[in-house]
Each structure stands twice: as C-alpha cells, then as structure tokens.
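Only one structure is covered here, and it is reproduced in the block below.
We name chains A, B, ... by the order of the sequence lines, and we start the count at 1 in each one. It should be emphasised that the depicted structure is a prediction, and the values quoted were computed from it without experimental measurement.
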Number of protein chains: 2
Amino acid sequence: MAFDRDDVLRAAAELLTRRATATMEEVARAAGVSRATLNRHFAGRDALVRALEDLGIAECEAALDAARVEEGAAVDAVRRLVREAESCAGLLAFLYSESQLFEGEERHAGWARIDERLTGLFRRGQESGEFRIDLSAAWLSEALYGLLAAGSYAVTEGRAARNGFVHMVVELLLGGAIRRNAS
Amino acid sequence: MAFDRDDVLRAAAELLTRRATATMEEVARAAGVSRATLNRHFAGRDALVRALEDLGIAECEAALDAARVEEGAAVDAVRRLVREAESCAGLLAFLYSESQLFEGEERHAGWARIDERLTGLFRRGQESGEFRIDLSAAWLSEALYGLLAAGSYAVTEGRAARNGFVHMVVELLLGGAIRRNAS
DNA sequence: CTCGCATGAGACATCAATGTCTCATTCGGG
DNA sequence: CCCGAATGAGACATTGATGTCTCATGCGAG
C-alpha cells in the first residue's frame, strides 16, 4: 500500500489529540503503517510533532483564507473563521498544549503570521467600533484559541453536540453569557 | 530540612504547568529536594500527578466556597469565582491537559462535584434570567475552564498583564467581545 | 551532648520507548 | 512477465527515565 503522508498525519493528529502520550507504535498502528515505515518518513517523535505543527499551521492559514478575515464586517469575519476552523480545532488544541515541547527554540514563524492576522482582525473590529476596546486584541485572539480548544474537548467528551460547536464558540466569544433584550 | 508536602506540590505544579514533560529529577530539583526523597513521598509520576489533581480539586472547591457561588446574583457569583480561581488557573490548565493520562479510569469524583456546582451556578443564572439559555450550562462551564487556561497562558507568556486577568476572563465570559451602548 | 530519624548523594538494575537493521513479501511500472 | 523499490514484521542495541538500595550527613528531640 502506498504511503500517504497526509493520511498518516491526519491519523496521528486524530490519535494524539485524544491521547498526547501515545507511543510511536500506537501512532503507526492508528495510521495503518508499520513502525519501521513511520520511522522512515518521520525521524522520531519530534519530527512527527513538527510535521503536525506544519499541518496545523497550514490548516489555520487555509481557514483564515477561506473565511476571508480581512473582508467585510469583523463580526461576520469571526463567524466565518470559526466555521472554517472547526475542522482543525482538535489539532489546534493538541498543538496548543504541545507547543511547550519546543521550549528554548523560537516559535514557528507560521504562528506569528497567524497571530498577526488574528489580532489584526480583532484590532480592525475595535477600530470600526464593533468590538470593545477594554479587551485587547491579543487577549481576544488567545481567548479564541481557548474557546476552540474548549469546544473541541466538549464535543469529544460528549458534553456538547457536534453541530452546536460553531454556535457555542461564536456566540460566547462575541456575545458573552449575559442575556440581553435584543441584539 | 523538613519535607513540606504542600511546598513540594506547589513547586511541582509551578514547573509542570510550564513544561508538562519535565523529569522527576527536574521536579525534585525545582522543589529543592532530592530525587530519592521525592520518590519516598510520591511513588512515581502518576502518584505525583494524582496528588496534584487532589490539590487542584481542593483549591477549586476552596475557590467555589470562598466565592459563595450559591449566593446572590449569578453574575456577581461568577465575578467572585474568577477572582478566587485566579491563583489556581495555572494548575487547572495543567490538569486540564493532563487528565487524559488516566484514560480508561473513571474521572476523579471531585471533578464531578465541581462540575455540578459550576453548571449549577450557570443554570441558576439561566433560571433567574441573567444568562442566555441558548448556551448550555455545561458549555458555559467548559468555556470557563478554557478561558481560565487561556488567561493563564496569556499571562505566563507575557501577552497580557497579570493584573488584568480577572477583568479579561470575566468580561469576555459574561459580556463577550461585541461593543455595546451601555451595560 | 547524644541518639535517632529523615534526607542527600550516588550507584545500580529495570523497563519502556525508540532508532536501526535484516529479510521476506508485495505492489507497480516497464 | 520480471525487476526494483517500498513496505511489514521482527530482532536487536541504545537511550533515558525510573524505582530502589546503601551509606554518610545533618538536624532536631530528648
């Protein structure tokens, strides 16, 4: 069977998202390849995690592109972004907790680009008067990461319905928990 | 020097929160004890993590008590709770990502009690008309965990000021990102 | 002061994960 | 059909963390 790098990475992401301490052998089994082959293509766990990081970055940027975050009202852009980012929320949650592994090195430049676009989106919303300015754009970005991860966990563990994901994340991030008369 | 179990646990929490893969020897050094002594009191990494889990649960319940979450307006109770929970947000973030280690076992009963009080708080707020009802109490609880963790990360990594923690978390959770005329 | 107990330091065996190697098999292209 | 490249299965050595043991030291209680 031909080795499909992307298939393997997706299987690895799926498993590692659920159990971050999974063995390379378990990853190999989950991906349907032998441990030897896995090692031929990813020289060690670090290389695998780095490849997953690249994948996560690529998917995030794809989501940012697909959501056209630089266009239209910031509020709508955020809605589109969460919708597009749902599919990579799990991977994002994994990388979010795993990033500390590369302590001492500089963070992957891809994250900086993503952070830039994300904070840019929130800053744009603040300048247009859509978003409140007492919460910094950096914090809103961080909160988006956190809520995506929390939403992913909630769905994975069955504490929330999968089809409610976008509504949960978007509404809480944008509108908060307090009930209001009309929007 | 006398062995202070709580001191050691706090040092371990402080280190493991930053680097979840730290060695037992690193933990021992960070706690200022020898590896042998650490092992005498915590038989293995699992036992240490479990002790940290107990500590985290105790601190969460202490925060819930101190915040008197069952009293007064739910909105005010949430504010008090976040204020009280700030000090254990880092530990919470660590346990949040580490809980998967005990896969296969039933979750610690303490978490169920905490979840119960937390969802109870949000449910109470929904019944009193303070909180919107299209976001489930379970999701609001999960989101609180996520925002506490995100806030902890943001502060740790210098992306937000430490003294802004409570404001950031409370305001986003309750009020959301959208700017409004008046509260 | 002296005794006893806990600790620190280090050595040691163990264990699990990992990286590598070999060899048979299989799949695909020519 | 045949050959070559890649894969799967398994063995093997290595590495790093870990659990345990011993012994000397130091601190506190009496």
> For A/Arg162, does the CZ atom sit with more than 12 other heavy atoms under 6.0 Å from it, leaving out its own atoms?
Replying inline: no
> Whole-Å distance between C/dC21 C1' and A/Asn39 CG?
Replying inline: 12 Å
>> Can you work out whether A/Thr23 or A/Ala36 has the more 5'-proximal nearest nucleotide on DNA chain C?
In response: A/Thr23
> To the nearest angstrom, how far is A/Asp46 atom CG from D/dG16 atom P?
Replying inline: 13 Å
> A/Phe42 has an atom CZ; how far is it from atom P of C/dA17, in whole Å?
Replying inline: 21 Å
> Stepwise, does the side-chain contact (heavy atoms from CB on, under 4.5 Å) test hold for A/Leu172 with B/Leu172?
Replying inline: CA-CA 8 Å; A/Leu172 186 66; B/Leu172 187 64; over 6 Å; no
>> Which nucleotide wins on minimum distance to the side chain of A/Val33, given the candidates C/dG10, D/dG8, C/dA17?
In response: D/dG8
> Within this structure, what is the CG-to-C1' distance between A/Leu38 and C/dA17, rounded to whole angstrom?
Replying inline: 13 Å
> Given D/dT7, is OP1 or OP2 found less than 4.0 Å from the side-chain N or O atoms of A/Thr37?
Replying inline: no
>> Taking atom types as they are modelled, would you say the side chain of A/Arg40 forms a donor-acceptor pair with the base of D/dG8 within the 3.5 Å cutoff?
In response: yes
> Under the 3.5 Å rule, do the base of C/dG8 and the side chain of B/Arg35 count as making a donor-acceptor pair?
Replying inline: no
> Rounding to a whole Å, what distance do you find between A/Met24:CE and D/dT15:P?
Replying inline: 18 Å
> Is there a side-chain polar atom (N or O) of B/Ser34 under 4.0 Å from OP1 or OP2 of C/dA9?
Replying inline: no
>> Whole angstroms only, please: what is the CD-C1' distance between B/Glu26 and D/dG16?
In response: 12 Å
> Can you tell me if A/Arg124 uses its side chain to pair, donor with acceptor, with the backbone of A/Val69 under 3.5 Å?
Replying inline: yes
> Rounding to a whole Å, what distance do you find between B/Arg45:CZ and C/dA16:C1'?
Replying inline: 14 Å
> How close or far is atom P of D/dG16 from atom CD of B/Glu25, stated in whole angstroms?
Replying inline: 13 Å
>> I want to check one thing: is the phosphate of D/dT7, taken as OP1 and OP2, less than 4.0 Å away from some side-chain N or O of A/His41?
In response: yes
>> Check whether B/Thr23 reaches the backbone of B/Glu26 with its side chain - one donor and one acceptor, N or O, closer than 3.5 Å.
In response: no
> For A/Ala74 and A/Phe131, which heavy atoms make the closest approach, and how far apart are they?
Replying inline: CB-CE1, 3.9 Å
